[in-house]
Amino acid sequence: MGDVQDILGLERPPTPELTKEAILGSSDKLKKKQMQMSTPKVSKRPEGMPREVFALLCNDSKGVPPVFPTDTGQGYKQTKAKLGMRKVRPWKWMPFTNPGRTDGAVFHHWRRVADEGKEYPFAKFNKKVPVPSYTDDEYNQHLQTTGWTKEETNHLIDLAKRFDLRFIVMKDRFDKEKFTDRSVEELKERFYTIQTTLTKVRSTSPPEGKPYVFDADHERRRKEQLKRIYERTQKQIEEEQSLVTEYRRIEARKKERDKKTQDLQKLITAADSQSENRRIEKKLPKKKLQQQLTRPRVDTVAVESTGIKFPDMKGSGVSVRSQRMKMPANVGQKKIKGVEQLLQELGVELNPMPTEEICTHFNELRSDMVLLHELKAAFSTCEFELQTLRHQYEALCPGKTLDIPVLSESQTVSSSENDGGKQKINLEIIDVVGSPGTPNSSTHLN
């Protein structure tokens, strides 16, 4: 009752002073209670409950975890009440007006005496959309247009002020008996045209930024497209999904073909560069050839991600030369077995004497073998794809046959003179990528 008397401003008899002992009890009881609170309660883990779950349930203070996060650190427990003898702030029943109303209505409510005369706190939420207004001269000079009368334009501006540019509501409340029935796009186009025109006429300096221009035709097309999408049948939806899936498959196959073409181009470039190096070495005399032995070895130069990249022994300390001939770890076991089998067929030792020259040529030989294996695999893939394309063409065009040039069995190539005679070598020349300007360059065979 004392708080109510203070709020109403009524006098009340003096109350005795409150003390901490009078509220909480005597000091002995308080000390006993504090000792009980300071003694930690040891909670026992229930049988069958994991230790981790029990640690989540009990915190450091051995209490129950809070239901929601708090700033006090005590969970949902209430803090100690702060007691004092200060009087409550007086309140008063006072009148107020709402600036958002235009009828001048006066209301009353309880409010603190210290806030008397201040503005109504909810007046800041009274926001209004700026709607342009014009004079008769401005309308006659700048705003006249075919299809819109001045009365109809005034009715549009009045609706914009009443409903804060809610064009759906404005279209519903538009006077259809007195004026022509207008769509939402027509109302928007007329309103924003008036706003842009008045901004340009009234501004003495160029306006900041571009004025807003409403594109009614684009809005109509957009709504028409949305209507068509909404009215689709289940059959049309399934057809569109199948088309999208097929498009993704085509894109994936195209990327795969591009990747294969790039890999084949790298292989062919590496093969051409290595064959060119062999010709240069054969043409050089022995003295120059010995000088060329100091050039960087194949084991220290990477050949465009083809062949084998042998380790570069440039570290400090002592190293064994035979380590240069060790196959790298990134070479698969299948390739290693194939190289070893081919070496056995050629009668080459698997572990020759590791001299400087033997290490270099032995690594070059194995790198060429791996390159040959990759070229054969690429050739088989291209041949398989050609046959697949031929079968697809025959399936799509019954009665027609796709003539694919057959690769010649062998072509005789003359090599350099060896022991007074010419050695005949059978090679299969493959032009996988082709040259620019030739038809079907991706599958052209010589």
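Since the model is a prediction, treat every value here as computed from it, not as a measurement.
Legend: residues meeting salt bridge (Lys or Arg N to Asp or Glu O under 4.0 Å) with E189, ordered by chain and number and at least two apart, are absent. Partners of F122 according to the ring-ring contact (aromatic ring centres under 6.0 Å, His included) rule, which considers only residues two or more places apart in sequence or in another chain, are Y120. Contacts of K254 classified as salt bridge (Lys or Arg N to Asp or Glu O under 4.0 Å), with partners at least two apart in sequence or in another chain: D258. Every residue meeting the side-chain contact (heavy atoms from CB on, under 4.5 Å) condition with P132, not counting sequence neighbours, appears here in chain and number order: F191, Q195, L198. Here N154 pairs with Y134, K150 under the side-chain contact (heavy atoms from CB on, under 4.5 Å) rule; sequence neighbours left out. Among residues two or more places apart in sequence or in another chain, the side-chain contact (heavy atoms from CB on, under 4.5 Å) test is passed with Y393 by C397, K400, L402. For Q234, the side-chain contact (heavy atoms from CB on, under 4.5 Å) test picks out I237, E238, with sequence neighbours left out. When the salt bridge (Lys or Arg N to Asp or Glu O under 4.0 Å) test is applied to K260, the partners found at least two apart in sequence or on another chain are E256, E385.
From L187, atom CG reaches atom CD1 of I168 across 9.5 Å, with rounding to the nearest 0.5 Å. In this structure, CD in Q141 is found 8.0 Å from OG1 in T135, a value given to the nearest 0.5 Å. Atom-to-atom distance recorded for Y139:OH and W148:CH2 is 9.5 Å, nearest 0.5 angstrom. With rounding to the nearest 0.5 angstrom, the OG1 atom of T145 is 9.5 Å from the CD1 atom of I194. Here the OG1 atom belonging to T193 is positioned 15.0 Å from the NE2 atom belonging to H142, to the nearest 0.5 angstrom. Between L386 atom CG and H391 atom NE2 the span is 11.0 Å, to the nearest 0.5 Å.
Of all heavy-atom pairs spanning Q265 and T269, the tightest one is O-OG1, 2.7 Å. When all heavy atoms of E185 and F214 are compared, the closest pair comes out as O-CE2, 3.6 Å. The minimum heavy-atom distance between R111 and P121, with the atom names listed, is NH2-CD, 3.8 Å. Across all non-hydrogen atoms, the minimal contact from M369 to V339 is SD-CG1, 4.0 Å.
Around CD of Q387, the count of heavy atoms belonging to other residues, nucleotides or ligands within 6.0 Å exceeds 12. R253 CZ: more than 12 foreign heavy atoms inside a 6.0 Å radius.
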Exercise for the section: Please step through side-chain contact (heavy atoms from CB on, under 4.5 Å) for the pair F379 and K376, ending with a clear verdict. Expected result: CA-CA 5 Å; F379 172 72; K376 286 183 177 180; 5.6 Å; no
Problem - Pair M170-L156, side-chain contact (heavy atoms from CB on, under 4.5 Å): steps then yes or no - result: CA-CA 8 Å; M170 292 166 56; L156 172 64; 3.6 Å; yes
Practice task
Apply side-chain contact (heavy atoms from CB on, under 4.5 Å) to L143 and T153, showing your working.
Solution key: CA-CA 9 Å; L143 303 179; T153 305; 6.0 Å; no
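Ion pairing between a basic and an acidic side chain is recognised when a charged N comes within 4.0 Å of a carboxylate O; E138 and R202 show such pairing. Between R190 and E186 there is no salt bridge, since no side-chain N of the basic residue sits under 4.0 Å from a carboxylate O of the acidic one. Contact check on E224 versus R220 returns no salt bridge, with no Lys/Arg side-chain nitrogen under 4.0 Å from an Asp/Glu carboxylate oxygen.
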What side-chain donor-acceptor pairs closer than 3.5 Å can you find for residues 94-101, not counting sequence neighbours?
residue: N98; atom: OD1; partner: G100; partner atom: N; Å: 3.1
residue: R101; atom: NE; partner: D103; partner atom: OD1; Å: 3.2
residue: R101; atom: NH2; partner: D103; partner atom: OD2; Å: 2.7

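Under the side-chain hydrogen bond (donor to acceptor under 3.5 Å, both in side chains) criterion, the residue pairs touching residues 167-183 are E152-R182, with sequence neighbours excluded. Sorted by first and then second residue, the side-chain hydrogen bond (donor to acceptor under 3.5 Å, both in side chains) pairs with a member in residues 240-251 read R232-E240, Y247-E251; sequence neighbours excluded. The list of side-chain hydrogen bond (donor to acceptor under 3.5 Å, both in side chains) pairs with a residue in residues 159-169, not counting sequence neighbours, is empty.
Side-chain contact between H155 and E151: absent, with no pair of heavy atoms (C-beta onward) separated by less than 4.5 Å.
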